[in-house]
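Just so it is clear, the values below take in all heavy atoms, side chains as well, and ignore hydrogens, waters and symmetry mates. The structure presented is a predicted model; accordingly, all values stated were derived computationally and were not measured.
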Number of protein chains: 2
Amino acid sequence: MPASMADWRSQCPLNIALEIFGDRWTLLILRDLLFKRFSTYREFQGSGEGVATNILADRLKKLVEQGIITGARSTEDARIISYKPTAKGLDLLPVVVEMILWAARYEKTAAPPRLIRHMSRDRASFIAETRARFEPDAS
Amino acid sequence: MPASMADWRSQCPLNIALEIFGDRWTLLILRDLLFKRFSTYREFQGSGEGVATNILADRLKKLVEQGIITGARSTEDARIISYKPTAKGLDLLPVVVEMILWAARYEKTAAPPRLIRHMSRDRASFIAETRARFEPDAS
DNA sequence: TCATATTACTTGCATAATGCAAGTGAGTGT
DNA sequence: ACACTCACTTGCATTATGCAAGTAATATGA
């Protein structure tokens, strides 16, 4: 069936996807945003993975430009910028979930087995649950 | 529920996955292997995306080391090495499919709409169909 | 059989991306 | 006013990628 797939070249959706989040940091930032519910630069920074400050700033900027997250200055403390996922960002959950499940299956990871089992048995509801926690303000 | 998710650090499955295929080329090579059914260095090379020869050699080597593909010298023409996906490699199909669907939905791509519709409506059978074409020799 | 091709790479070097330490400027708390 | 926090920049070292050319092993044709 995928005979027409042979001539995709650089407009191939996979290539486009890789241009947007095919690097070492972008999806880790998104993981912190979606699962750990981080929302500030400082939180992402102290996440434990050890992102360089300039890289973090660059990736946040690009994610905002791509419409995957939004960044809004807090009304309570004007120093703080609060980042949130957009609908486009939340729709990356299936990608992230499949990546996590693959790694948990084939590599030694620190993933809690119960969580993996839940994710694996019912991807749709796991994603729906995660998504639900952002519903009120998902752009 | 993901409260235990907060302390994943570098053993986080997402981070592990990114260390394995979180670069600009690895998944493109896998796409050619899985969808275009390419199997030789020369085919990957002429794929149109324009991989540098040293990068291609490096990625093929790493994919073999990771057990995602195998490389076997052809019995008919000993110059040719034929690469094939392993079960671990075939299990990356869900990841690739979700990435393709996300990009096709949010970005301008050259993806044939009929194919995307098929992929999207029934991911499982699309994956099964693709997988079936490798069944006889999927390590 | 012996020059010519072909396949799968290496190698060397230029350029771009990433990593690290230190610094900046707006905003806050006291 | 002063120290402090937050979200970044900046400059420079290191690493990864990109490009052109070269090489070894095998095959092909006269």
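Using a 4.0 Å cut-off between a side-chain N of Lys or Arg and a carboxylate O of Asp or Glu, Lys62(B) and Asp23(B) do not qualify as a salt bridge. No salt bridge links Arg123(A) with Glu98(B); every basic N to acidic carboxylate O contact stays at or beyond 4.0 Å. We find that Arg24(A) and Glu19(B) are joined by a salt bridge, their nearest charged nitrogen and carboxylate oxygen being less than 4.0 Å apart.
Listed candidates were dC6(D), dT9(D), dT10(C). Nearest to the side chain of Tyr41(B) is dT10(C).
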Let me see the working for Met99(B) and Asn15(A) under side-chain contact (heavy atoms from CB on, under 4.5 Å), right down to the final yes or no. CA-CA 9 Å; Met99(B) 286 176 66; Asn15(A) 186 50; over 6 Å; no
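When atom types are taken as modelled, the side chain of Tyr41(B) and the backbone of Thr53(B) share a donor-acceptor pair closer than 3.5 angstrom.
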Under 3.5 Å, which protein N or O atoms sit close to an N or O of nucleotides 17-20 of chain C? Give each pair with its distance.
| from | atom 1 | to | atom 2 | distance (Å) |
| --- | --- | --- | --- | --- |
| dT18(C) | OP1 | Arg59(A) | NH2 | 3.2 |
| dT18(C) | OP2 | Arg59(A) | NH2 | 3.0 |
| dG19(C) | OP2 | Trp25(A) | NE1 | 2.9 |
| dC20(C) | N4 | Asn54(A) | OD1 | 3.4 |
| dC20(C) | N4 | Asn54(A) | ND2 | 2.7 |

Between the protein and nucleotides 26-30 of chain C, are there any N/O to N/O pairs under 3.5 Å, and if so, what are the atom names and distances?
| from | atom 1 | to | atom 2 | distance (Å) |
| --- | --- | --- | --- | --- |
| dG27(C) | N2 | Arg79(A) | NH1 | 3.3 |
| dT28(C) | OP1 | Ala78(A) | N | 2.9 |

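Rounding to whole angstrom units, CG of residue Leu56(B) and P of dT17(D) are separated by 13 Å. One interatomic measurement links the two molecules: CG of Leu60(A) to C1' of dC8(D), which rounds to 10 Å at whole-angstrom precision. Spacing between atom CD of Gln45(B) and atom P of dA21(D) amounts to 15 Å, rounded to whole angstrom units. Going from atom CG of Leu63(B) over to atom P of dA8(C) covers 16 Å, rounded to whole Å. Taking atom CD on Glu43(A) and atom P on dC8(D), their separation rounds to 13 Å, with Å as the unit. Between the NZ atom of Lys61(A) and the C1' atom of dC8(D) there is a distance of 12 Å, given to the nearest Å.
In this model, the phosphate group of dC9(C) is approached by a side-chain N or O of Tyr83(B) to a distance below 4.0 Å at OP1 or OP2.
Phe21(B) and Trp102(A) have perpendicular rings, their planes meeting at more than 60° on a 0 to 90° scale where under 30° would count as parallel.
Pairing each heavy atom of Ser39(B) with each of Phe44(B), the nearest pair is C-CE1, 4.1 Å.
Checked options Lys36(A), Arg31(A), Arg59(A); the residue passing with Glu49(A) is Arg31(A) (criterion: salt bridge (charged side-chain N to carboxylate O under 4.0 Å, His left out)).
Thr109(A) meets the side chain to side chain donor-acceptor pair (under 3.5 Å) test with no other residue; sequence neighbours excluded.
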